[in-house]
Peer 1: 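Below: one structure in structure tokens.
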Amino acid sequence: MIVSMVQKLKKYLGVSWIVLICTPILCNAQTHDHGMKKAIMSCTTTGMECANAATPFMTNDGKLWVTWTAGGVISVAKSTNLGKTFDEPIRLAEHGKSLDTGGDARPQIVIDSQRRIVIAYAFFKDTNWNAQINTVVSEDLGKNFSKPISIVKDETSQRFPSMINSKNGIFITWIDKRLIAEENKKGKKKLGGSVAYGWLDQKGMITGKEVIANPSTCECCRIGVALTPDQSLAFVYRAIFDQGIRDHAVQIVQANGQVGKVIPIANDQWKTDTCPHHGPTITVSKNGTIHTAWFTQGTNRTGVFYAKSNNRGIGFSLPRKLGDDGSNVGRPYLLSVDEHVWLVWKEFDGEKSRVYAEYSANDGQTWSDKKLISETSGYSDHPLLISSQGKVYLSWLTRQKGYELIEMSR
């Protein structure tokens, strides 16, 4: 199956070779993304037409802001007509080839109740994948932006930021390498990273002291974060458990800033030292139900799965597999509005990438049949979901169709 898919990729991309740097099992899930990176290299502008990752945010009045990476530059632009057209892009920072790009390393954007725009991104400081997370801030809704500034004073490495508005301000979590660096200095070679978090001040730096939530996590996957009804923060990530098992876990940060215990979602038993670059997703409904979805290649289960918890993560439902067995399934994303929940993911059949969706009107008790939302035969970013004024939209960037914002039905 892999050989056939690679042959189709060669024909599609117009290249004579494709290098697969992964295990045979892992290649089955990652071949498409690897090949698509070669297609990106032929696009050289800094505009959205050449972006490899674009992240949206919608304000309560329906205005859409999108930030993206292209040509080594971080940019942002506004649309007042649901993404059909955009204002002139604003270039925020330029890092060239050192910019940390890719779907899981995408730039992040949040606009708070004070009309302050905060954008976070990472760039590499050396050739050992040590990075720094910068923020740029606009306090006048995009008329002016500050110069980039590091969120922390620590000089080791921070990557994969995720942000969300909360009662205490803008919450940010990321993969931090300071504890790993300390162990390596002692001669104790250790893989992975740590999950850290904090709140940003007016300038875009961490207020007070950042907190390490879990000292042992995967170093190359995005973190999913969601706000709970009681203003706690729930985040999901790929943790490293005993014997090198990289399975997913949830933690909850209370409104007072204290973090709860590490709660495993499922016993997938994926023992690996590789970097999947395939992070999970989370949303919490108004009833407090935690919905999660993730990718694994464990000995107990393989593929993309969904599960939920009705008791703040004490226990999760039996994982349910998403997508067709004959396709490469990946990149799930969840969003809830009240008790309504949407779940999207991407499938690649060797020729086309398709985004499918399921919808639940009763907080995940029952789900609709999967529905095709959009498809493309060219490079595509991960599918994302956003909401405004009670409506939910699929945000999807493709090389063939450009940026799409598609309203999701109930």
Side-chain angles (χ1 to χ4, degrees), residues 46-48 51-95 99-101 105-123 132-152 158-174 197-207 222-223 225-227 233 335 381 384-389 391-393 395 397 403 405:
T46 61
M48 201 184 302
N52 59 304
T55 307
F57 189 95
M58 289 190 78
T59 53
N60 292 333
D61 59 3
K63 290 185 174 61
L64 170 70
W65 291 80
V66 176
T67 182
W68 68 89
T69 54
V73 173
I74 299 287
S75 301
V76 67
K78 181 183 69 174
S79 173
T80 57
N81 55 10
L82 300 179
K84 295 180 178 63
T85 60
F86 285 86
D87 294 346
E88 186 71 19
I90 303 169
R91 293 166 63 112
L92 303 174
E94 183 171 357
H95 293 276
L99 189 62
D100 194 359
T101 61
R106 67 180 56 252
Q108 301 289 305
I109 179 171
V110 165
I111 304 175
D112 65 15
S113 59
Q114 305 301 314
R115 297 164 58 91
R116 182 174 61 129
I117 302 174
V118 178
I119 294 172
Y121 69 91
F123 70 96
Q132 174 178 308
I133 296 175
N134 280 350
T135 54
V136 288
V137 178
S138 172
E139 298 187 54
D140 52 15
L141 206 57
K143 294 179 181 178
N144 299 280
F145 280 90
S146 65
K147 292 182 179 180
I149 185 172
S150 175
I151 62 169
V152 295
Q158 300 84 34
R159 293 183 68 189
F160 303 102
S162 291
M163 295 193 300
I164 193 170
N165 279 319
S166 75
K167 179 180 179 181
N168 295 327
I170 296 176
F171 177 85
I172 184 169
T173 179
W174 66 92
Y197 69 89
W199 283 264
L200 297 176
D201 63 16
Q202 199 69 17
K203 294 182 179 180
M205 292 186 67
I206 295 295
T207 300
R222 74 183 182 190
I223 304 168
V225 61
L227 190 67
L233 284 304
L335 189 144
D381 189 13
L384 304 174
L385 294 170
I386 54 174
S387 65
S388 177
Q389 300 175 338
K391 296 181 179 179
V392 172
Y393 301 87
S395 171
L397 176 71
Y403 182 78
L405 191 71

Peer 1: Enumerate donor-acceptor pairs with a distance under 3.5 Å from any side-chain N or O in residues 64-78 to protein atoms, sequence neighbours excluded.
Peer 2:
{"unit_1": "Thr67", "atom_1": "OG1", "unit_2": "Ser75", "atom_2": "O", "d": "2.8"}
{"unit_1": "Trp68", "atom_1": "NE1", "unit_2": "Thr46", "atom_2": "O", "d": "3.0"}
{"unit_1": "Thr69", "atom_1": "OG1", "unit_2": "Asn52", "atom_2": "OD1", "d": "2.8"}

Peer 1: Please evaluate residues Ile170 and Ile164 with respect to the criterion side chain to side chain contact (heavy atoms under 4.5 Å, CB included), reporting the C-alpha separation (whole Å), side-chain torsions for both, the decisive distance (0.1 Å), and the verdict.
Peer 2: CA-CA 6 Å; Ile170 296 176; Ile164 193 170; over 6 Å; no
Peer 1: Measuring from atom CZ of Arg222 to atom CD of Gln108, what distance do you get when rounded to the nearest 0.5 angstrom?
Peer 2: 9.0 Å
Peer 1: I need the Ile133 CD1 to Ser150 OG distance, nearest 0.5 Å.
Peer 2: 8.0 Å
Peer 1: Compare every heavy atom of Glu139 with every heavy atom of Gln202, then report the nearest pair and how far apart it is.
Peer 2: NE2-OE1, 3.1 Å
Peer 1: Carefully, step by step, assess Trp174 and Phe160 under the rule ring-ring contact (aromatic ring centres under 6.0 Å, His included).
Peer 2: CA-CA 5 Å; Trp174 66 92; Phe160 303 102; over 10 Å; no
Peer 1: Nearest 0.5 Å, please: how far is OG1 in Thr135 from CG in Leu200?
Peer 2: 6.0 Å
Peer 1: Supply the atom-to-atom distance Leu405 CG to Leu397 CG, rounded to the nearest 0.5 angstrom.
Peer 2: 12.0 Å
Peer 1: Go through it in stages, so that I can follow the logic: the residues are Ile117 and Phe145, the test is side chain to side chain contact (heavy atoms under 4.5 Å, CB included), and I'd like the CA-CA distance, side-chain angles, deciding distance and then a yes or no.
Peer 2: CA-CA 9 Å; Ile117 302 174; Phe145 280 90; 4.0 Å; yes
Peer 1: Side chains of Leu385 and Ser387, heavy atoms from C-beta outward: is any pair under 4.5 Å?
Peer 2: no
Peer 1: Has Gln389 got a side-chain atom pairing as donor or acceptor with Asn60's backbone, closer than 3.5 angstrom?
Peer 2: yes
Peer 1: Take Val137 and Arg116, measure what side chain to side chain contact (heavy atoms under 4.5 Å, CB included) needs, and give me the verdict at the end.
Peer 2: CA-CA 7 Å; Val137 178; Arg116 182 174 61 129; 3.7 Å; yes
Peer 1: Heavy atoms only: give me the nearest Asp381-Ala54 pair and the separation to one decimal.
Peer 2: OD2-N, 3.0 Å
Peer 1: Can you see which heavy atom on Ser79 is nearest to which on Lys84, and at what distance?
Peer 2: OG-N, 4.0 Å
Peer 1: Once you round to the nearest 0.5 Å, how far does CG of Asn165 lie from CG of Asp112?
Peer 2: 6.0 Å
Peer 1: When rounded to the nearest 0.5 angstrom, what distance separates CH2 in Trp199 from CG in Leu233?
Peer 2: 6.0 Å
Peer 1: Could you report the tightest heavy-atom contact between Pro56 and Ser395, atom names first, then the distance?
Peer 2: CG-OG, 3.3 Å
Peer 1: Tell me the closest heavy-atom pair linking Leu384 and Thr55, and the distance in Å.
Peer 2: CD1-CA, 4.3 Å
Peer 1: Suppose we screen for salt bridge (charged side-chain N to carboxylate O under 4.0 Å, His left out). Which residues come up paired with Asp61, at least two apart in sequence or across chains?
Peer 2: Lys63
Peer 1: Determine whether His95 and Asp100 satisfy the following criterion, side chain to side chain contact (heavy atoms under 4.5 Å, CB included), listing intermediate values before the conclusion.
Peer 2: CA-CA 9 Å; His95 293 276; Asp100 194 359; over 6 Å; no
Peer 1: Quick one: does Ile111's side chain get under 4.5 Å of Leu141's, heavy atoms only?
Peer 2: yes
Peer 1: Between Asn134 and Pro148, what is the shortest heavy-atom contact and its length?
Peer 2: ND2-CB, 3.6 Å
